[in-house]
Amino acid sequence: MLNFDFYNPTQIFFGKDRLDNIDKQVPADAKVLITYGGGSAVKSGLIGKVKANLGSRKVFEFGGIEPNPRYETLMKAAEIVRSENIDFILAVGGGSVIDGTKFICLAAHYSGDARDLLKYGFAMITSDVVKKPVPFGTVLTLPATGSEMNCGAVISYEHGKFPVMSALTFPKFSILDPVVTFTLPKIQVANGIVDTFVHTTEQYITYPVDARIQDRMAEGILHTLIEIGVTTVNEPENYDARANLVWSATMALNGLIGAGVPQDWATHMIGHELTAMFGIDHGQTLAIIYPAVLDVMRKQKRAKILQYAERIWNITSGSDDEKIDLTIKKTREFFESLGIKTHLSDYGISADKIPAIVEKLKEHGMTALSETGDVTPDVSREILEKAM
Ligand code: NZQ
Ligand code: ZN
């Protein structure tokens, strides 16, 4: 097992009817800004309930944070935080609203040009850089990103998606009520399952370091997703199936399964370019790229793909390459069973677009991806060709 630091201060309130914890967690004298997305949380009545739980506190609202939240939108909210002296933000939404809120918290009192905060990549932004982060909590409406219990965000600016990481942006608390997610369209539920699945595999299918606990937790999440995936897409009000998805999504990216193991993230970084260039949903980009990554990186990942083949898909006979081929097929079929297409061509993207995607990866410094840094632009090209 590799050395690791583990820190996660986010308090979780899981289950039905937990909104009363807002009143207990948000300081009684706080001026609060509620952030939300394009309106689903208003329509469902959730924003009204959140406001009721804030009681007599002075409350401001900022709606309109778009999927793949944009820098310009978030800076408008940061200005409200500054001018109204907001002391606590409550994010009500999915990954985009929560990520956007993390950026607002960092940018609101930042003294320089807030675009600086997009330049750190996976390096942690410290309190030397952001001296006065604004505290925030979340009410999660979409299980997928794990943003409700991690300190990362992905912010869109111009034609790129930029990771922003800081220990200052762990939510103080997150309310995870599976019932709140019942209103999700099927496609968003399916996206969330694929996102959770690939978060798990990108921390599991690398190379062996004898991290048995982390491997078995990852395998537990993958088995759970395979067991409940189709059910929770088709039966949106099946509480138990949805509860298992919600907790899987949180556990897949709260730092626990990734502690002490190598991490890949090539699929995510290539996928981000597909979202930025073609507007494909995050989860769908992963379903396109991940089977191709397994195929192209089969030599480097051999030992862990075979472990995944045996422990997740019960594949035990045939040559190593036959087992890997069948494993990739099973993985692809699982994504397709949820209603998510797995080829670039399914999204109207032809092979002649591949050079431009590779150029964008280079422009964004994504030239040494994977757990060992061996996914060069040439390897990314090969992955994209396999994903056609
Ligand atoms: O905006 P509204 O009207 O609320 O509609 C949203 C949005 O259109 C809708 N929705 C959310 N909850 C709903 C609902 N509709 C009905 N009922 C509900 N309960 O769903 C749509 C998609 O929402 P979004 O927040 O964009 O989806 P998701 O949670 O998948 O977040 C995707 C973003 O997270 C980033 C992605 O790059 C992308 O920008 N990621 C963040 C990560 C992190 N912070 O750790 C890691 C991930 O790998 C990912 O990169
Ligand atoms: Zn993701």
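We count ligands from 1, going down the list as the structure has it; atoms in each ligand are counted the same way. In this text, all values refer to a predicted model and were calculated from it rather than measured experimentally.
- Polar contact check, L253 against ligand 1: no nitrogen or oxygen pair lies under 3.5 Å apart.
- One N or O on the side chain of N8 and one on the backbone of N254 form a donor-acceptor pair closer than 3.5 Å.
- The protein heavy atom nearest to atom 27 (O) of ligand 1 is L142 CD1, 3.3 Å.
- How far CZ of F197 is from OG1 of T224: 11.0 Å, rounded to the nearest 0.5 Å.
- Taking only non-hydrogen atoms, the option from S40, S147, P143 nearest to atom 15 (N) of ligand 1 is S40.
- Within 6.0 Å of atom CG in D5, 12 or fewer heavy atoms from other residues, nucleotides or ligands are found, so the atom counts as exposed in its surroundings.
- A distance-only check finds a donor-acceptor pair linking the side chain of K31 to the backbone of E84 [under 3.5 Å].
- Annotation: H159, atom NE2; neighbour count of heavy atoms from other residues, nucleotides and ligands within 6.0 Å does not exceed 12.
- Remark: minimum distance from atom 1 (O) of ligand 1 to any protein heavy atom is reached at G38 N, 2.6 Å.
- Ligand 1 has no atom lying under 4.0 Å from any heavy atom of K43.
- Between G152 and ligand 1, at least one pair of N/O atoms sits closer than 3.5 Å.
- The distance criterion of under 3.5 Å between nitrogen or oxygen atoms is not met by P67 with respect to ligand 1.
- Residue contacts with ligand 1 include G39, since one of its heavy atoms falls under 4.0 Å from the ligand.
- For H272 and F162, the ring centers sit 6.0 Å or farther from each other.
- Listed by chain and residue number, the protein N/O/S atoms under 2.8 Å of the Zn ion (ligand 2) are D195 OD1, H199 NE2, H268 NE2, H282 NE2, with waters left out.
- Residue contacts with ligand 1: H199 is placed with a nitrogen or oxygen under 3.5 Å of a nitrogen or oxygen of the ligand (distance criterion only).
- Open room surrounds OH on Y7; 12 or fewer heavy atoms of other groups in view lie less than 6.0 Å from it.
- Here the protein heavy atom with the shortest distance to atom 30 (O) of ligand 1 is A144 CB, 4.0 Å.
- Partner D23 forms a salt bridge (Lys or Arg N to Asp or Glu O under 4.0 Å) with one of R57, K49, R18 and no other, that one being R57.
- Against a heavy-atom cut-off of under 4.0 Å, V180 is close to the following atoms of ligand 1: 19 (N).
- Taking every heavy atom of T183 and a limit of under 4.0 angstrom, the matching atoms of ligand 1 come to 16 (C), 17 (N), 18 (C), 19 (N).
- Here the straight-line distance linking atom CG of L294 with atom CZ of R332 works out to 9.5 Å at 0.5 Å rounding.
- For ligand 1, the polar-atom distance check against S96 finds a nitrogen or oxygen pair separated by under 3.5 Å.
- Nearest protein heavy-atom contact of atom 34 (O) of ligand 1 is T145 CG2, 3.3 Å.
- Annotation: G95 places an N or O atom under 3.5 Å from an N or O atom of ligand 1; distance criterion only.
- For atom 36 (C) of ligand 1, the nearest non-hydrogen atom of the protein is K161 NZ, 3.7 Å.
- Distances from ligand 1 to the non-hydrogen atoms of D195 include at least one value under 4.0 Å.
- The shell of residues lying under 4.0 angstrom from ligand 1, judged by heavy atoms, includes H272.
- A distance of 5.0 Å separates CG in L384 from CD1 in I289, rounded to the nearest 0.5 Å.
- Looking at N150 against ligand 1, only its side chain comes within 4.0 Å, counting heavy atoms.
- Residue T141 touches ligand 1 through backbone and side chain together, judged by heavy-atom distances below 4.0 Å.
- Remark: K172 fails to qualify as a cation-pi partner of F136 under the 6.0 Å distance and 45° angle criteria applied to the six-membered ring.
- Annotation: the span from L140 atom CG to T250 atom OG1 amounts to 6.5 Å, rounded to 0.5 Å.
- Scanning the protein for heavy atoms near atom 41 (C) of ligand 1, the closest one is D99 OD2, 3.0 Å.
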